[in-house]
Amino acid sequence: MTMSMILALAVLVIMIGLIMFDVLPFGAPPLVACLLLVVFGLSTVPEAFAGFVNSSVLMIAFFMVPLAALQKTKLIGRVKDSMASLVEKGGYKSYIALLIVVMLGASLAGTGSTGYYVLILALVSTIPYDRKLPTSRLMMPLGFATNHPLVPINVALLYGVMVTVLEASGFKGSVSMVTFSLVNFVMGMAYLAWALLAYRLLPDHPIAEPTVDTSSLAEGESYPSWKEAVTIGAFVVSVIAMMLMNVIGDLAHVTPGLAAFVLLFIKMVDFKEFRGNLFAPVILMMAGVIGVADALARSGFTALVGDAVAGWVGASVPPFLLVLVFALLTSTAATLTGSNMGSVMIFAPIAIATCTSLGLSPVAAAAAVAIAVWQGGFMPIDGMPALIHDMGKYRLLDFWRFTIPMYFIRIIALTGAAVLFFPM
């Protein structure tokens, strides 16, 4: 290894360490890493901060504004009302309908939306115990269902992560957002199938009292119907534009920005909200890691690791198995460390470099890694899994009975869909 490789690796390790151990607020570590790249002479200032003018990052950053405004509409309230009426009916049919309602809500909230899963978990925790449909049989399936949009139209964040790591690794081709959505759809259907089968495996007991105040989540400021209509329209137009990126080119990158300014103009969001979402921590994370990935690639470290892994697995390894290994590694690392973006930044460049060394297209691996990072959850040690375990009063064995099969079913479905829709 050369000195530049060692220094670039050191910057990566520092960044990952700061992320995993919460030394700095989320989104700040990549900025530190960009500064260190310049200090160590690994990048110029424009190279280190290239992610902040990356078209895909800017597109996702502006899209965060319509997405935030959408949460203020009555759509989420309708989800709550639908849940309440179904629980009153009880029975397995109501359980199926609740899963579908929550997954439809996830179609708008998007994968990994903290506000949405906290809302759903809080709502479930307020439902009185009923033997016809025990809340202990709802908390886990509905909690994890918030991560699976039934109609995956809002995959812009995950798509942006995938495109970012591909571009940072030197990939020049285009990737269809519609095809990426199909990968998510297959995995979501696999989860739905498991949740339907697992109903009888779930325990029957009263759950914990609500630990989250649902009033602030389910109810908010009331807006005129025309403002809500404009907000929904801005969201839909942004999503359609991003899905047509391969057709309309740069117009797709700026449409979410124009939609964001429309919402600012009609005062659906104020400038503080606009600025806060535009420069959200996840956006700083996406932009900052591009400079780090570029520096690793320029130093030759990424290619070195890719060649080593390719030599280890051999040229005859089936593409499905190769992608599966990286999906398992990424999701496990994210589960055990609580660092989703950090895990992506560790394994995505290596997966892409390995595929390139084997003469394979890296798109399937990048897609699988970007999605898999949100698909762990088999340990109740961070975020949503921890809340589900605690609020549902589950024993660890009860928790694992549902989550471990769920984990492997989702990862296998994800890998199969990625390889199918993005041939290697």
Side-chain angles (χ1 to χ4, degrees), residues 70-71 73-155 181-182 184-208 210 212 214 217-219 232 374-375 377 384-385 387-388 391-394 398-399 401-403 405-406 409-410 413:
L70 186 71
Q71 308 307 312
T73 66
K74 295 183 178 68
L75 286 173
I76 294 297
R78 290 171 187 158
V79 171
K80 175 189 174 184
D81 293 340
S82 299
M83 288 177 62
S85 62
L86 287 168
V87 170
E88 288 178 4
K89 294 180 181 178
Y92 186 64
K93 289 183 180 179
S94 292
Y95 172 75
I96 296 173
L98 280 167
L99 278 171
I100 292 174
V101 167
V102 172
M103 292 176 74
L104 283 172
S107 302
L108 298 174
T111 300
S113 171
T114 301
Y116 184 60
Y117 78 66
V118 170
L119 170 63
I120 295 302
L121 294 179
L123 292 176
V124 173
S125 72
T126 64
I127 299 171
Y129 174 79
D130 190 329
R131 292 190 67 86
K132 293 187 295 183
L133 189 57
T135 42
S136 58
R137 288 186 173 176
L138 292 177
M139 183 67 76
M140 219 172 340
L142 297 189
F144 286 109
T146 62
N147 215 24
H148 295 287
L150 189 64
V151 184
I153 56 173
N154 186 8
V155 296
S181 296
L182 289 175
N184 281 271
F185 176 75
V186 170
M187 185 183 62
M189 291 302 97
Y191 172 77
L192 179 59
W194 166 244
L196 294 177
L197 289 172
Y199 177 72
R200 300 297 178 189
L201 300 176
L202 294 165
D204 178 351
H205 61 251
I207 64 171
V212 181
T214 61
L217 293 169
E219 300 177 8
I232 294 171
W374 304 97
Q375 309 309 321
M384 180 172 63
L387 269 180
I388 290 173
M391 296 175 73
K393 282 189 173 177
Y394 296 113
D398 291 330
F399 187 81
R401 191 178 293 120
F402 183 88
T403 59
M406 173 195 76
I409 288 170
R410 293 193 301 184

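Computed from a predicted model, the values in this text were never measured in an experiment. Hydrogens, waters and symmetry mates play no part in the numbers below; they use all other heavy atoms, side chains included. Sequence positions, counted from 1, serve as the residue numbers for this chain.
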Undergrad: For R401, which residues count as a salt bridge (Lys or Arg N to Asp or Glu O under 4.0 Å) partner, sequence neighbours excluded?
TA: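 Testing R401 for salt bridge (Lys or Arg N to Asp or Glu O under 4.0 Å), a comparison that skips the adjacent residues, returns D398.
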Undergrad: Under the side chain to side chain contact (heavy atoms under 4.5 Å, CB included) test against F144, which residue among V102, I388, L99 passes?
TA: I388
Undergrad: Using a 4.5 Å cut-off on heavy atoms from C-beta on, say whether the side chain of L202 contacts that of Y95.
TA: yes
Undergrad: For R410 versus H148, what's the shortest heavy-atom pair and its separation?
TA: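 The answer is NH1-NE2, 2.8 Å.
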Undergrad: Looking at every heavy atom in both M187 and A413, which two are closest together, and how far apart are they?
TA: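 Answer, listing the atom of M187 first, then A413: CA-CB, 4.3 Å.
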Undergrad: With no hydrogens and no angle check, is any side-chain donor or acceptor of N147 less than 3.5 Å from a backbone partner on W374?
TA: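 The answer is yes, because a donor-acceptor pair under 3.5 Å joins these two groups.
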Undergrad: Taking atom OH of Y199 as the centre, report whether more than 12 heavy atoms of other residues, nucleotides or ligands fall under 6.0 Å from it.
TA: yes
Undergrad: Ignoring hydrogens, what is the shortest heavy-atom contact between A106 and A145? Give both atom names and the distance.
TA: CB-O, 4.0 Å
Undergrad: Which distance, rounded to the nearest 0.5 Å, do you find between the CZ of R200 and the OH of Y92?
TA: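 With rounding to 0.5 Å, CZ (R200) is 7.5 Å from OH (Y92).
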Undergrad: So do the side chains of M406 and M140 get within less than 4.5 Å of each other, counting heavy atoms only?
TA: no
Undergrad: Please tabulate, one pair per line, all N/O donor-acceptor pairs under 3.5 Å involving side-chain atoms of residues 189-198, not counting sequence neighbours.
TA:
from: Y191; atom 1: OH; to: P141; atom 2: O; distance (Å): 2.5
from: W194; atom 1: NE1; to: F402; atom 2: O; distance (Å): 3.0

